[in-house]
There are 2 protein chains.
Amino acid sequence: MFTDEYYMKIALQLAKEAFFKDEIPVGALIVANNKILAKSYNLTELLVDVTAHAEMQAITAASNLLGAKYLINCTLYVTLEPCTMCAGALYWSQISRVVVGTSDKNRGFLSKGLSLHPKTEYVSGILENECSLLLKNFFESKR
Amino acid sequence: MFTDEYYMKIALQLAKEAFFKDEIPVGALIVANNKILAKSYNLTELLVDVTAHAEMQAITAASNLLGAKYLINCTLYVTLEPCTMCAGALYWSQISRVVVGTSDKNRGFLSKGLSLHPKTEYVSGILENECSLLLKNFFESKR
């Protein structure tokens with residue numbers, strides 16, 4: 001039951017909440033031992049803060065809950081490949097796994113030649129079509 | 001009077017506050033039209049949050065004060081070259097100037113091949129020795 005698809009569906013639901021708030025629709029959650037520690041979605045417009053990406057909020061919230069800076073045994077699920085800012089934060093967190101929906105060819109950390117922490121396992125392409133379509137619909141609605 | 005050295009001295013004072021709180025001593029401030037909009041220092045240990053670098057806090061605080069996501073006509077002063085996370089946040093902010101004390105050869109964004117926003121002017125080496133010495137003293141005290 002607790003597959004990567006299961007959690008990515010929740011991340012996608014969070015991304016849809018962002019969409020309805022007129023935010024670029026990216027959702028994230030952090031899970032450890034099949035428990036959800038943090039749920040978030042992009043809030044850069046509403047919070048008027050470029051640092052309020054879904055991943056950043058999730059990292060801060062999970063650390064807060066755990067009382068720990070390092071997110072050992074935690075998995076981040078996020079609908080879009082992290083940017084350099086979020087990849088940098090994930091690096092510092094030494095998170096155990098990062099699971100991504102769809103890649104971001106222009107602004108994703110991989111296109112900038114960056115890597116996550118050596119301790120971090122990286123998986124991409126979970127519910128890729130759904131995650132990608134939501135973003136496409138958002139940007140088309142803005143034209 | 002309001003030179004880069006003037007503001008870097010304030011950033012250095014903030015870094016010293018971090019030192020006395022047993023945090024890696026990095027201080028930052030954001031200035032616009034000779035007014036200080038935000039002052040901060042690294043708080044990753046006290047806040048138990050890897051995202052609590054001086055620059056991240058300063059960006060959030062300045063945006064909050066201005067009610068604006070983009071830090072046009074603002075200058076960030078920071079005692080140490082930003083990491084990839086902070087450089088990513090600065091990129092999104094489109095901040096007009098970034099003034100750095102000392103470079104970070106291992107973890108700075110330049111060593112990772114990253115750039116700031118094309119609209120951002122970058123200056124480094126202001127009070128370099130003082131900024132560098134403070135960090136050196138901190139890490140020596142930890143041995």
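To find a chain, count down the sequence lines: A is the first, B the second, and so on, and within it residues start at 1.
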Rounded to the nearest 0.5 Å, how far apart are [atom1] of [X] and [atom2] of [Y]?
X	Y	atom1	atom2	result
A:Trp92	B:Cys83	CH2	SG	5.5 Å
A:Thr44	B:Lys69	OG1	NZ	4.5 Å
A:Lys112	B:Tyr91	NZ	OH	6.5 Å
B:Met56	A:Met56	CE	CE	3.5 Å

Would a hydrophobic clustering, with Ile, Leu, Val, Met, Phe, Trp and Tyr connected at side-chain separations under 4.5 Å, put [X] with [Y]?
X	Y	value
B:Val123	B:Leu114	yes
A:Val48	B:Leu37	no
B:Ile24	B:Phe19	yes
B:Ile10	B:Val31	yes
B:Ile72	B:Ile95	no

task: Mark yes when over 12 heavy atoms from residues, nucleotides or ligands other than B:Asn34 sit less than 6.0 Å from its CG; otherwise mark no.
output: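 Counting neighbours around CG of B:Asn34, more than 12 heavy atoms of other residues, nucleotides or ligands fall under 6.0 Å, so yes.
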query: Are A:Asp49 and B:Thr60 linked by a side-chain donor-acceptor pair shorter than 3.5 Å?
result: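 Checked: A:Asp49/B:Thr60 side chains pair up, N/O donor to acceptor below 3.5 Å.
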field: chain A contact via B:Ala87 - which portion, at a heavy-atom distance below 4.5 Å
entry: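 Neither part; nothing is under 4.5 Å.
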- request: Could you pull out the closest heavy-atom pair between B:Ala89 and A:Thr51, with the gap in Å?
  value: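 B:Ala89 and A:Thr51 have their closest heavy atoms at CB-CG2, 4.1 Å.
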Which portion of A:Ala62 sits near chain B, non-hydrogen atoms under 4.5 angstrom: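 It is neither, since no heavy atom gets under 4.5 Å.
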message: Let's test your reading of the structure: which of B:Leu90, B:Val50, B:Leu71, B:Thr84 forms the most heavy-atom pairs below 4.5 Å with chain A?
response: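 Maximum pair count with chain A is reached by B:Val50.
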